[in-house]
Amino acid sequence: MIPVSYYVVVSTMMFVIGLIGVLIRRNFLIILFAIELMLNAANINLVAFSHYNNAIDGQIVSLFVIAIAAAEAAIGLAIIIVLFRGQATTNVDELNILKW
C-alpha cells in the first residue's frame, strides 16, 4: 500500500504547477488548463484521504468536483470563443472589455 504522504506530495506539486500557471501565463487557455490542474490536485487528495480513512465521502465530493470542472471548462471555452471572435486574442492583458 502506498503511503498517503506520496499522494499529498504529488497533489501539492500539481497544485503548485497549476498556481504558477495561473499567476504567470497570460493566455486564457493556459490559465483554464492550470485551473483544471489545480482541481485535479484537489481530487487526488480527496480520493487518497478517502481511501486512507476507509470512507467514501471524499470520492463522492471528488465526483462533484469533476462535474464542476467539466462545467467550468465548457463555460470557459465558450467565453474564449466569444472573446476570440470579437478581439482575435486570448491574451488576458489585451482583453479590457470590462473596463470603462
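Computed from a predicted structure; not experimentally measured. Excluded from the calculations below are hydrogen atoms, water molecules and symmetry mates; all remaining heavy atoms, backbone and side chain alike, are included.
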Asks: If I take atom CD1 from residue Ile17 and atom OG1 from residue Thr12, how far apart are they, to the nearest 0.5 angstrom?
Replies: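 Nearest 0.5 Å value for the CD1-OG1 distance: 11.0 Å.
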
Asks: If you measure from CD on Glu72 to CD1 on Ile68, what distance do you get to the nearest 0.5 Å?
Replies: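 Spacing of CD (Glu72) from CD1 (Ile68) equals 10.0 Å.
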
Asks: Rounded to the nearest 0.5 Å, how far apart are CG of Leu32 and CG of Asn27?
Replies: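 Separation between the atoms: 10.0 Å.
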
Asks: Which atom names give the shortest non-hydrogen contact between Phe49 and Val8, and what distance separates them?
Replies: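 Residues Phe49 and Val8, closest heavy atoms: CZ-CG2, 3.7 Å.
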
Asks: Within the 4.5 Å heavy-atom criterion, are Asp57 and Leu46 side-chain neighbours or not?
Replies: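 They are not in contact (no side-chain heavy atoms under 4.5 Å apart), so the answer is no.
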
Asks: Applying side-chain contact (heavy atoms from CB on, under 4.5 Å), run through Ile79 and Val82 and close with a yes or a no.
Replies: CA-CA 5 Å; Ile79 291 171; Val82 169; 5.8 Å; no

Asks: Working to the nearest 0.5 angstrom, can you tell me the gap between Tyr6 OH and Met1 CE?
Replies: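 The distance works out to 12.5 Å.
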
Asks: With a 4.5 Å cut-off on side-chain heavy atoms, are Leu77 and Ile80 touching?
Replies: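 Sidechains of Leu77 and Ile80: in contact.
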
Asks: Measure the spacing between OG of Ser62 and CD1 of Ile56 and express it to the nearest 0.5 Å.
Replies: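 Answer for the OG-CD1 pair, Ser62 versus Ile56, is 11.5 Å.
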
Asks: Return the minimal non-hydrogen interatomic distance between Ala41 and Phe15, and the atom names on each side.
Replies: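 Minimum heavy-atom separation between Ala41 and Phe15: CB-N, 3.7 Å.
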
Asks: Go through Val92 and Arg25 one step at a time and tell me if the side-chain contact (heavy atoms from CB on, under 4.5 Å) criterion holds.
Replies: CA-CA 9 Å; Val92 292; Arg25 301 302 297 247; over 6 Å; no

Asks: Is there a path of hydrophobic side-chain contacts, each under 4.5 Å between heavy atoms of I, L, V, M, F, W or Y residues, that connects Phe64 with Ile44?
Replies: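 They do not share one cluster, since no chain of ILVMFWY contacts under 4.5 Å joins Phe64 to Ile44.
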
Asks: Apply the test side-chain contact (heavy atoms from CB on, under 4.5 Å) to residues Leu19 and Leu37: give CA-CA distance (whole Å), side-chain angles for both, the deciding distance (0.1 Å), then the verdict.
Replies: CA-CA 9 Å; Leu19 184 64; Leu37 195 62; over 6 Å; no

Asks: What heavy-atom pair brings Gln59 and Ser50 nearest, and what distance separates the two atoms?
Replies: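 Distance-wise, the nearest heavy atoms are CG-OG, 3.5 Å.
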
Asks: Looking only at heavy atoms, what is the nearest atom pair of Gly21 and Ile31, with distance?
Replies: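 Closest heavy-atom pair between Gly21 and Ile31: O-CG1, 4.3 Å.
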
Asks: So among Val9, Asn40, Asn43, which one has a side-chain contact (heavy atoms from CB on, under 4.5 Å) with Met14?
Replies: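 Exactly one option meets the side-chain contact (heavy atoms from CB on, under 4.5 Å) with Met14, and it is Asn40.
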
Asks: Transitively linked via ILVMFWY side-chain contacts under 4.5 Å: Leu29 with Ile35?
Replies: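 Shared cluster, yes.
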
Asks: Out of curiosity, does Leu63 fall in the hydrophobic cluster containing Ile60 (side-chain heavy atoms, cut-off under 4.5 Å, transitive links)?
Replies: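 Result: no, two separate clusters.
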
Asks: For the hydrophobic clusters of this structure (ILVMFWY residues joined by side-chain heavy atoms under 4.5 Å, transitively), does one cluster hold both Phe28 and Leu23?
Replies: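 Both belong to a single hydrophobic cluster.
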
Asks: Same cluster or not: Val22 versus Val65, using hydrophobic residues (I, L, V, M, F, W, Y) connected whenever any side-chain heavy atoms lie under 4.5 Å apart?
Replies: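 The answer is yes; both residues are in one hydrophobic cluster.
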
